[in-house]
Amino acid sequence: MPHVEVTKLVDAPIDTVYAICKDLPSFPKFMPNVERVTVLEAGPGYSVTEWVAKLQGRTFRWTERDEHDDARRHMTYRQLSGDLKKFEGEWRFADEEGKTRVTMTCDFEFGIPVLAALLNPVASLALRSNIEGMLVAIERQATGGGGVPAP
């Protein structure tokens, strides 16, 4: 199963960056590939969200359970239903002298074993690029750049 991990040092305080990442429904406002995030359920330390996003020109839909640990500044997500067989990972945040090191991981599986050898490498590259774009958008938001960048 493919595993993608991307880390970025964001020039903003950890509380600011964590708050932006935790506010999943705001992602479409500053991430051009995220079309919609709808909160279906929320409780202490978790939410269930429905996503519509584009990756490599294709639309993907899924519902995930998001868990956040505010004390540790740590978030996890796990697909409950959707276009992939498996889609899960975590967000880690570390303070580095007033800046924030953000690490996002993702494990995924298409559920088509015959095509895995062909699809997994291409999908891993596309997902890595997408996560890098997400982290750049989060940095832009955290440092006051805001908004969805022009195409």
Side-chain angles (χ1 to χ4, degrees), residues 1-8 10 12 14-95 100-142 146-149 151:
M1 167 183 7
H3 174 82
V4 176
E5 182 169 315
V6 178
T7 299
K8 179 166 185 54
V10 176
I14 193 169
D15 289 337
T16 300
V17 175
Y18 180 72
I20 290 168
C21 293
K22 191 174 155 183
D23 185 11
L24 302 172
S26 74
F27 281 17
K29 295 176 186 170
F30 61 94
M31 293 183 187
N33 63 320
V34 179
E35 293 181 2
R36 186 176 71 241
V37 179
T38 305
V39 176
L40 303 177
E41 179 183 335
Y46 84 97
S47 63
V48 176
T49 51
E50 182 180 68
W51 291 70
V52 178
K54 288 207 180 273
L55 181 64
Q56 295 279 297
R58 297 188 188 269
T59 300
F60 287 87
R61 292 174 172 77
W62 70 95
T63 300
E64 68 183 39
R65 181 177 174 94
D66 308 291
E67 297 187 9
H68 54 271
D69 180 340
D70 294 341
R72 291 180 42 229
R73 291 186 189 90
H74 182 261
M75 297 169 29
T76 60
Y77 60 94
R78 178 179 46 86
Q79 176 182 276
L80 301 174
S81 64
D83 292 336
L84 298 175
K85 180 178 179 184
K86 181 176 183 178
F87 181 71
E88 63 187 35
E90 67 177 340
W91 296 75
R92 296 187 308 265
F93 305 85
D95 178 55
T100 306
R101 181 165 305 282
V102 182
T103 301
M104 184 180 179
T105 68
C106 183
D107 296 307
F108 68 94
E109 188 175 336
F110 283 105
I112 308 169
V114 173
L115 297 176
L118 177 66
L119 295 178
N120 288 348
V122 173
S124 292
L125 288 173
L127 190 55
R128 174 174 298 284
S129 177
N130 187 61
I131 292 171
E132 288 169 350
M134 288 177 71
L135 294 179
V136 166
I138 289 165
E139 179 175 46
R140 188 179 304 111
Q141 192 73 3
V148 174

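Excluded from the calculations below are hydrogen atoms, water molecules and symmetry mates; all remaining heavy atoms, backbone and side chain alike, are included.
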### Message
side-chain contact (heavy atoms from CB on, under 4.5 Å) for Y18 and T100? Distances and angles first, verdict last.
### Response
CA-CA 9 Å; Y18 180 72; T100 306; over 6 Å; no
### Task
Test side-chain contact (heavy atoms from CB on, under 4.5 Å) on V48 and T63 and set out the steps.
CA-CA 7 Å; V48 176; T63 300; 3.7 Å; yes
### Task
Please test T49 against Y77 for side-chain contact (heavy atoms from CB on, under 4.5 Å), starting from the C-alpha separation and ending with a verdict.
CA-CA 10 Å; T49 51; Y77 60 94; over 6 Å; no
### side-chain contact (heavy atoms from CB on, under 4.5 Å) assessment of I138 paired with V17
CA-CA 7 Å; I138 289 165; V17 175; 4.1 Å; yes
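Counting only heavy atoms from C-beta outward, the side chains of T76 and E88 never approach each other to under 4.5 Å. Residues N33 and L55 have side chains not in contact (no heavy-atom distance under 4.5 Å, counting atoms from C-beta outward).
Separating the CZ atom in R101 from the NZ atom in K8 is a distance of 10.5 Å, to the nearest 0.5 Å. Within the model, atoms CZ of F60 and CG of D83 stand 6.5 Å from one another, a figure rounded to the nearest 0.5 Å. A distance of 13.0 Å separates NE2 in H74 from NE2 in H68, rounded to the nearest 0.5 Å. Rounding to the nearest 0.5 Å gives a distance of 13.5 Å between CD of Q79 and CZ of R61. How far CD of E50 is from CD of E64: 11.0 Å, rounded to the nearest 0.5 Å. For the atom pair I131 CD1 and T105 OG1, the distance stands at 8.0 Å (nearest 0.5 Å).
For the pair K54 and E35, the salt-bridge criterion is met [side-chain N within less than 4.0 Å of a carboxylate O].
Nearest heavy-atom pair, I20 versus F27, reported as atom, atom and distance to 0.1 Å: O-CE1, 3.4 Å. Across every non-hydrogen atom of F93 and R73, the tightest pair is CD1-O, 3.1 Å. Taking all atoms of both residues into account, the shortest heavy-atom contact from V37 to P28 is N-CG, 3.9 Å.
A salt bridge (charged side-chain N to carboxylate O under 4.0 Å, His left out) with K22 is found for exactly one of D70, D15, D69, D66, namely D70.
No donor-acceptor pair under 3.5 Å is formed between the side chain of R65 and the backbone N or O of S47.
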